[in-house]
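Single-structure report; data block below.
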Amino acid sequence: MRAYNRYIISLSLLFMLTTVILAAIGEDRLDLYFTLYLVEGLALTSLFTYLDPRARRGLDLIWYGLFAGFGLIVLDKVLEIIL
């Protein structure tokens with residue numbers, strides 16, 4: 001099995017496990033789901049650093065976009081506190 005396939009399978013299983021656990025405890029905040037997915041995805045990506053450099057660049061672009069989404073969530077929470 002190629003490294004990229006193992007990465008996708010690992011990421012899918014990790015996200016599924018997180019979703020099941022959070023749903024089981026009754027969590028319904030979307031920002032918590034998004035933040036946990038982001039942290040898990042970044043950690044798993046750092047574990048798979050031996051991926052093909054071209055694939056790594058593509059994954060980095062995706063994670064930059066998700067990190068920007070995380071920044072928007074933080075900005076929303078800060079504005080909610082201030083206002």
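A quick note: this is a predicted structure, and the numbers were derived from the prediction, not measured.
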L30, CG atom: more than 12 neighbouring heavy atoms under 6.0 Å
no
Take Y33 and T18 through the side-chain contact (heavy atoms from CB on, under 4.5 Å) test and state the conclusion after the steps.
CA-CA 8 Å; Y33 280 86; T18 301; 5.6 Å; no
One pair to check against side-chain contact (heavy atoms from CB on, under 4.5 Å): Y7 and L47. What are the steps and the verdict?
CA-CA 9 Å; Y7 172 77; L47 290 175; over 6 Å; no
Heavy-atom nearest pair, E40 first then F15, reads OE1-CD2, 3.6 Å
Roughly how far, to the nearest 0.5 Å, is CG of L38 from CG of D31?
12.5 Å
Shared hydrophobic cluster, I82 / V74 (ILVMFWY, side-chain heavy atoms < 4.5 Å)
yes
Shared hydrophobic cluster for I73 and V78 (ILVMFWY, side-chain gaps under 4.5 Å)
yes
With rounding to the nearest 0.5 Å, note down the distance linking CG in L44 to CG in L14.
6.5 Å
Donor on one side chain, acceptor on other, Y37 and T19, under 3.5 Å
yes
Reported CD1-to-CG distance for the pair I81 and D76, which is rounded to 0.5 angstrom
10.0 Å
Shared hydrophobic cluster for L72 and L32 (ILVMFWY, side-chain gaps under 4.5 Å)
no
For the atom pair CD1 (I9) and CG (L11), what is the distance rounded to the nearest 0.5 Å?
11.0 Å
Side-chain heavy atoms under 4.5 angstrom apart, residues restricted to Ile, Leu, Val, Met, Phe, Trp, Tyr: same cluster for L17 and L42?
no
Is it true that V39 and I21 fall in one hydrophobic cluster, defined by side-chain heavy atoms closer than 4.5 Å?
no
